[in-house]
Asker: 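Mind looking over this structure? Questions follow.
Only heavy atoms go into these numbers, but all of them, side chains included; no hydrogens, no water, no symmetry mates.
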Amino acid sequence: MAYRYETHLHTCQGSLCGASTGAEHVRWYKEIGYQGIIITDHFFGGNTAVPRTGTWKERIDWFCSGYEDALIEGQKIGLDVFFGWEQGYKGDEYLVYGLDKQWLLNHPEVETWTRREQLEGVHRDGGCVIQAHPFRDRAYINRIRLARQFCDGIEVANAGNRPYNDAYALRYAREFGFICTAGSDNHRSPAANPMGIETEEKLGSIQDLVKLVRNRGKITPIVPEGWFEQGFAEAPQLETYWLDEDEHTYPTGRNWLAD
């Protein structure tokens, strides 16, 4: 038996771009047969709904309100709800799994962490980091930044992308041996083309997913049939850059269409 999970989901309580509450998301994912969801609202480096003012506790309480709303509804109707977040830098964004609200309350320094500090700090306390939609091209992104040394895995499919964004993410992930995930990046339920992952065993907690990621266990991305094959007809629309050990960018020099 396979268990389906949404790995990338935004609520209107925690993300400025969100349109559905945590509870509304829960009811829809239950209807379509998912076992669980991970709430990954935009953290303070991204499109957060949380004001920049107020105490750290007030801001974290606000940030976690969408997750807590989803958790209450999930417990009522039988859908597993897990906690994570999405942190942004210069157009490159990362899904953080395995830590909780109390951890955030205890670590206000997380707001100003570099990518390296994020990976090291998350690892130190038992979490993992996935680079989200690495080949996305949007108005807020001026170049594609590939952070292979600052993440544990790659989100190779995202329902907010076009197929070519994900085709190259898959090629990149396979070339460097990353574990692959997928997610809907859902802001409003119901949503078109839900994605996510399948696991062979039910996740008892978010730590079970962290173990799969960090131990390279079996995770199967949920992707529409033929999705990646459509994408290889187009090249990335932005120039691609590596991030070096000091988080500076330099061109990859790659022709991703030809490689």
Asker: Looking only at the aromatic ring of each residue, does the gap between the centers of Phe135 and Trp256 stay below 6.0 angstrom?
Answerer: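 Yes: the rings meet the under 6.0 Å criterion.
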Asker: Could Arg143 and Tyr241 be counted as a cation-pi pair, given that NZ or CZ must be under 6.0 Å from the ring centre and within 45° of the axis?
Answerer: yes
Asker: Just wondering, are more than 12 heavy atoms of other shown residues or ligands nearer than 6.0 Å to CD in Gln237?
Answerer: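 Yes.
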Asker: Under 3.5 Å, is there a donor-acceptor pair between the His123 and Asp152 side chains?
Answerer: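 There is such a pair between these side chains.
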Asker: Looking at the rings of Phe176 and Trp242, which for Trp means the six-membered one, are their centres under 6.0 Å apart?
Answerer: yes
Asker: Take atom CD in Glu117; do more than 12 heavy atoms of anything else shown fall under 6.0 Å from it?
Answerer: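 Atom CD in Glu117 is packed in, count exceeds 12.
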Asker: Check this for me: does any side-chain nitrogen of one of Arg254 and Glu175 sit under 4.0 Å from a carboxylate oxygen of the other?
Answerer: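 Counted as a salt bridge, because a side-chain N and a carboxylate O are separated by less than 4.0 Å.
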Asker: Would the Tyr168 and Phe232 ring centres measure less than 6.0 Å apart?
Answerer: yes
Asker: Would a distance-only check, ignoring hydrogens and angles, find a side-chain to backbone donor-acceptor pair under 3.5 Å from Asp246 to His248?
Answerer: no
Asker: Rounded to the nearest 0.5 Å, how far apart are CG of Leu95 and OG1 of Thr181?
Answerer: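 One finds 7.0 Å between CG of Leu95 and OG1 of Thr181.
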Asker: Just by modelled atom types, is the Thr55 backbone N or O under 3.5 Å from a matching donor or acceptor in the Glu58 side chain?
Answerer: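 The answer is yes, because a donor-acceptor pair under 3.5 Å joins these two groups.
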Asker: Would Glu111 and Arg59 pass as an ion pair if we require N to O under 4.0 Å?
Answerer: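 Salt bridge between Glu111 and Arg59, a charged N being under 4.0 Å from a carboxylate O: yes.
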Asker: Check the pair Gln131, Asp92 against side-chain hydrogen bond (donor to acceptor under 3.5 Å, both in side chains), reporting the backbone distance first and the verdict last.
Answerer: CA-CA 8 Å; Gln131 185 170 6; Asp92 51 314; 5.0 Å; no
Asker: Assess the residue pair Tyr172 and Leu146 against the criterion (side chain to side chain contact (heavy atoms under 4.5 Å, CB included)); give the C-alpha distance rounded to whole Å, side-chain angles, the decisive distance to 0.1 Å, and a yes or no.
Answerer: CA-CA 9 Å; Tyr172 165 56; Leu146 301 176; 3.8 Å; yes
Asker: Does any donor atom in the side chain of His42 or Ser15 lie under 3.5 Å from an acceptor atom in the other side chain?
Answerer: no
Asker: Ring centroids only, cut at 6.0 angstrom: are Trp56 and Phe44 within range, meaning strictly under it?
Answerer: yes
Asker: State plainly whether one hydrophobic cluster holds both Phe178 and Phe150, where clusters connect Ile, Leu, Val, Met, Phe, Trp and Tyr through side-chain heavy atoms under 4.5 angstrom apart.
Answerer: no
Asker: With distance as the sole criterion, is a donor-acceptor pair present between the side chains of Asp166 and Trp227 under 3.5 Å?
Answerer: yes
Asker: Check Tyr29 against Ser189 and note the closest heavy-atom contact, atom names and distance.
Answerer: CE1-OG, 3.9 Å
Asker: Any side-chain donor paired with an acceptor under 3.5 Å for Asp137 and Tyr164?
Answerer: yes
Asker: Identify which one of Tyr94, Trp113, Tyr140, Phe43 satisfies the ring-ring contact (aromatic ring centres under 6.0 Å, His included) criterion when paired with Tyr89.
Answerer: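 Of all the options given, the one that passes is Tyr94.
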Asker: Using atom types as modelled and distance alone, determine if a side-chain donor or acceptor of Glu247 lies under 3.5 Å from a backbone N or O of Arg116.
Answerer: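 Yes.
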Asker: Any salt bridge linking Arg136 with Asp185? Criterion: basic side-chain nitrogen under 4.0 Å from a carboxylate oxygen.
Answerer: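 Salt bridge between Arg136 and Asp185, a charged N being under 4.0 Å from a carboxylate O: yes.
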Asker: Do Ile222 and Leu79 belong to the same hydrophobic cluster, where Ile, Leu, Val, Met, Phe, Trp and Tyr are linked whenever their side-chain heavy atoms lie under 4.5 Å apart, directly or via other members?
Answerer: yes
